[in-house]
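Everything on this sheet refers to the single structure shown next.
Not measured: the values here are computed from a predicted model. Chain letters run A, B, ... following the sequence lines, proteins first and then strands; every chain starts at 1.
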Number of protein chains: 2
Amino acid sequence: MRARINGKAGGRPGGMSRGGASIQDVAREAKVSIATVSRVVNQPTLVTEETASRVREAIKKLGYVPNAYAQGLSGRGGKVLGIVLPDIFGEFYSELLRGADGEARRLGYHLLVSSDAHDHGHPTRNENLAFGLIDGLALMMTEPNVELWRETLDAALPTVVLDAEVNEPGVDSVSVDNTEGTREATEHLLSTTAPDRCFFVGGPKENFDTKARAEVFCATLAAAGRPCTEPQVSCGEYSVDWGRAWGRERQRGAGLKGCAVLAANDEIALGVMQAAQEAGVRVPEDLKIVGFDDTRLATLVRPSLSTVRVPLQEVGAAAVRLLVERVTDSEKPATRMKVGTKLVVRESSRA
Amino acid sequence: MRARINGKAGGRPGGMSRGGASIQDVAREAKVSIATVSRVVNQPTLVTEETASRVREAIKKLGYVPNAYAQGLSGRGGKVLGIVLPDIFGEFYSELLRGADGEARRLGYHLLVSSDAHDHGHPTRNENLAFGLIDGLALMMTEPNVELWRETLDAALPTVVLDAEVNEPGVDSVSVDNTEGTREATEHLLSTTAPDRCFFVGGPKENFDTKARAEVFCATLAAAGRPCTEPQVSCGEYSVDWGRAWGRERQRGAGLKGCAVLAANDEIALGVMQAAQEAGVRVPEDLKIVGFDDTRLATLVRPSLSTVRVPLQEVGAAAVRLLVERVTDSEKPATRMKVGTKLVVRESSRA
DNA sequence: GCGCAGCATGAAAGCGTTTTCAGGAGTTAT
DNA sequence: ATAACTCCTGAAAACGCTTTCATGCTGCGC
């Protein structure tokens with residue numbers, strides 16, 4: 001229960017905010033009606049310059065800032081967008097967020113961030129979402145199970161889904177077109193390594209991107225005349241640990257030497273690299289590795305990591321842009337946006 | 001301008017939200033007054049079980065979710081906290097945010113995230129802050145210049161400052177106690193390296209933490225009988241690039257071999273390590289390196305990085321906790337909280 | 001000089017809650 | 001049986017803003 005300050009708030013002239021001057025105070029100070037104050041703020045052309053300047057002065061003097069709740073309530077929307085991510089930890093989400101934040105800032109919106117990590121996809125999420133507070137929602141699903149988010153998607157709230165294509169009417173989406181980048185990467189590996197020594201180490205089996213990337217990987221191998229066998233594609237999770245585990249396992253078996261690995265993200269790639277280093281297998285001389293995402297990680301490790309660039313900041317920014325468009329124009333038809341991917345060759349896969 | 005839906009919203013029975021069922025609709029459906037509905041939601045004990053269950057049913061049927069704006073406006077606060085960081089990019093902020101997010105979630109609050117990166121400490125920030133929307137503000141200042149934030153600090157808004165001690169009445173702070181960790185780290189380096197070959201590579205010169213760490217570093221050297229000379233402490237920025245630049249410079253000069261470096265964060269340490277590797281200087285055989293923060297980076301690189309652990313997630317969580325306490329009890333005296341630091345020895349500094 | 005258009009302003013409704021106050025129905029004590 | 005309570009519920013005010021509608025004023029054309 002917040003303390004309520006009745007009537008005029010005393011104290012410093014400038015700088016009050018909450019519990020500070022209201023539109024009423026400004027109106028009184030400038031000797032006009034609250035309607036006029038509101039107009040000065042929102043539709044300045046409707047007010048005489050003389051009146052307006054008097055009002056502006058009063059606003060300044062009292063340090064008036066419109067109360068966002070009241071604005072929201074009276075139908076203007078509070079300029080807040082929600083963004084829900086599986087987690088907000090690590091370079092991947094970090095970059096996504098940064099893109100979204102920048103764009104939101106540019107468009108005059110605020111970002112309400114929420115990560116799923118603490119109550120993994122549990123339906124209680126919906127309650128947590130501050131529905132009614134946010135004007136739009138950018139949603140990145142952990143699991144491909146759209147039904148988990150049924151309620152959310154059905155809500156009459158502008159929504160854009162990140163990094164997954166959904167077939168919901170009226171729901172925008174921004175996803176990654178893995179085709180080009182994956183193909184490039186695979187061909188790049190094939191240029192130095194025999195098809196049957198190429199491996200794809202994926203994230204979660206049901207993950208949209210992992211699935212897409214695995215598919216293109218196999219297709220490219222097939223196009224090279226050597227359809228990939230089952231053991232050449234493995235799935236796990238998007239983590240260094242999984243990559244390392246896969247690498248050790250392989251090393252114990254047929255060995256990593258002479259192989260090439262395309263990982264479904266940079267973390268996995270890094271894990272594989274660590275396993276190789278542990279075993280004394282040199283990268284890139286004995287083992288080629290290509291990651292995915294081109295997070296900062298790729299340039300931080302040695303040897304630097306070849307990777308497929310995904311413009312994550314753009315994805316975040318695009319999501320926000322789409323959302324704002326939809327918020328301001330609810331008639332806008334649903335947009336399915338795709339951003340391209342491209343191979344970036346660094347040290348870990350050099351011939 | 002959002003479309004306004006007048007009167008009852010048609011459409012699907014469940015799942016509406018914005019423009020969806022209001023407390024009025026629920027009241028009508030359950031044949032009670034809105035006051036009763038509100039009570040069922042907020043103070044269930046005041047309502048007969050029979051009435052309450054009827055109301056709950058109506059709520060469920062209509063998919064009613066309280067409108068946060070209205071709640072905010074009517075004095076209950078919208079359960080939103082703002083958090084402003086210099087940037088939201090990289091492992092450091094990532095971890096801080098994760099801690100804050102988790103705690104906020106636990107306490108039933110939402111997090112409005114905003115990074116300073118796009119308009120570096122510019123006063124327009126204040127307008128951007130959704131004042132009036134947030135119940136409290138966690139603020140991490142880029143620069144030590146408190147005056148830049150004067151307006152913000154003066155605002156009658158519960159505020160907690162992160163990672164810096166401020167002397168503002170009524171403003172809480174959560175900062176890092178660098179003493180213990182820095183001392184441990186310095187002594188650790190001194191155990192293998194001569195005092196005059198130990199270096200501190202800092203972040204920005206005015207940064208609170210860099211200053212504190214440099215000081216302890218020097219004091220520890222002095223305690224070991226060999227006060228540090230000027231060139232042993234350098235400042236730059238918190239980046240890999242700066243660390244690498246420092247390393248190259250030193251290598252060009254007296255050489256890195258046989259030295260020990262304490263960096264002000266893990267990124268700088270990593271940069272130094274890269275410079276060493278470039279020059280064929282082995283870590284830790286020829287050069288000991290200790291970082292700061294213990295971000296995930298430290299365990300991802302090879303050799304793994306010895307570092308001083310700063311419980312960043314705890315810092316984030318504590319900030320939120322303090323903020324919520326202050327929001328709910330505005331009389332609470334200002335708290336200055338400090339979290340400790342501790343050396344974690346990994347490979348990069350082994351004897 | 002009169003009527004009418006056009007413009008600047010004010011009054012008031014409405015947004016969806018919470019909360020205070022008052023009243024009505026039972027219950028218990030006298 | 002009545003007074004005094006207790007419990008539950010409803011009516012209504014308040015929160016601060018946007019927006020519609022009405023009104024008074026100015027100036028123009030006839």
Side-chain angles (χ1 to χ4, degrees), chain A residues 1-9 16-28 30-55 59 62 64-79 130-133, chain B residues 1-9 16-28 30-55 59 62 64-79 131-133 135:
Chain A
M1 221 148 308
R2 203 165 69 250
R4 172 76 52 81
I5 298 165
N6 283 325
K8 286 220 47 147
M16 306 288 305
S17 275
R18 177 68 140 251
S22 80
I23 201 173
Q24 287 283 358
D25 303 319
V26 176
R28 203 175 308 131
K31 304 207 189 306
V32 295
S33 73
I34 60 169
T36 300
V37 177
S38 175
R39 277 189 284 255
V40 169
V41 174
N42 301 306
Q43 308 157 43
T45 60
L46 297 184
V47 183
T48 321
E49 174 48 31
E50 192 196 321
T51 317
S53 82
R54 214 169 62 236
V55 171
I59 288 181
L62 270 52
Y64 166 71
V65 179
N67 178 311
Y69 288 128
Q71 288 186 305
L73 188 54
S74 64
R76 142 169 308 245
K79 301 275 195 178
F131 270 140
L133 213 177
Chain B
M1 219 146 313
R2 206 167 66 252
R4 172 77 53 80
I5 298 165
N6 285 324
K8 286 219 50 148
M16 304 289 305
S17 275
R18 177 69 139 255
S22 80
I23 201 174
Q24 287 284 357
D25 303 319
V26 176
R28 203 174 309 133
K31 305 206 187 307
V32 295
S33 73
I34 61 169
T36 300
V37 177
S38 177
R39 276 189 284 255
V40 169
V41 174
N42 302 305
Q43 306 158 44
T45 59
L46 297 184
V47 183
T48 322
E49 174 49 29
E50 193 194 320
T51 317
S53 81
R54 213 169 61 235
V55 171
I59 288 180
L62 270 52
Y64 165 72
V65 179
N67 178 310
Y69 288 128
Q71 289 187 309
L73 188 53
S74 66
R76 140 171 308 246
K79 301 276 194 173
F131 270 140
L133 214 177
D135 298 315

Spacing between A:Arg39 atom CZ and C:dA8 atom P, to the nearest angstrom
10 Å
Which listed nucleotide (C:dT17, D:dC17, C:dT18) is nearest to the side chain of B:Asn42?
C:dT18
Closest of C:dT19, D:dT19, D:dC17 to the B:Ala35 side chain is C:dT19
Given D:dC17, C:dT18, C:dT9, identify the nucleotide with an atom nearest to the side chain of B:Ile23.
C:dT18
Using side chain to side chain contact (heavy atoms under 4.5 Å, CB included) as the criterion, point out the one residue from A:Ile23, A:Ile59, A:Val55 that pairs with A:Val41.
A:Ile59
Can you tell which of C:dG16, D:dG16, D:dT18 lies closest to the side chain of A:Ala70?
D:dG16
B:Thr48 side chain to B:Glu50 main-chain N or O, any donor-acceptor pair under 3.5 Å?
no
Which residue lies toward the 5' end of DNA chain C, B:Gln24 or A:Thr51, if each is placed at its nearest nucleotide?
A:Thr51
Tell me which nucleotide among C:dT17, D:dC8, D:dT18 gets nearest to the side chain of B:Tyr64.
C:dT17
Using only side-chain N and O atoms of A:Ser74, determine if any of them is under 4.0 Å from OP1 or OP2 of C:dG14.
no
Rounded off to whole Å, could you give me the NZ-to-C1' distance for the B:Lys31 and D:dG10 pair?
16 Å
Rounded to the nearest Å, what distance is computed from the CG atom of residue A:Leu73 to the C1' atom of nucleotide D:dT19?
14 Å
Atom pair CG (B:Asp135) and NZ (B:Lys79), whose distance is rounded to the nearest 0.5 Å
8.5 Å
For B:Thr48, which contact category applies under a 4.0 Å heavy-atom criterion: base, sugar-phosphate, or nothing?
sugar-phosphate
Picking from D:dG10, C:dT9, C:dG16, which would you name as closest to the side chain of B:Ser33?
D:dG10
Could you give the CD-to-P distance, from B:Gln43 to D:dC8, as a whole number of Å?
13 Å
Atom-to-atom span, CD of A:Glu50 to P of C:dC7 - whole angstrom:
18 Å
To the nearest 0.5 Å, how far apart are CG in A:Asp25 and CD1 in A:Ile34?
11.5 Å
Starting at atom CD of A:Gln71, determine the distance to atom C1' of C:dG16, rounded to an integer number of angstrom.
16 Å
Find the distance A:Glu49:CD to C:dA8:C1' and express it as a whole number of Å.
14 Å
Using atom OH of B:Tyr69 as one end and atom P of D:dT18 as the other, report the distance to the nearest whole Å.
13 Å
So, does B:Ser38 get its side chain near the phosphate of C:dT18, meaning an N or O under 4.0 Å from OP1 or OP2?
yes
Check: B:Arg54 side chain, B:Ala30 main-chain N or O, donor-acceptor pair, under 3.5 Å:
yes
By the 4.0 Å heavy-atom rule, please label A:Val37 as base, sugar-phosphate, or nothing.
nothing
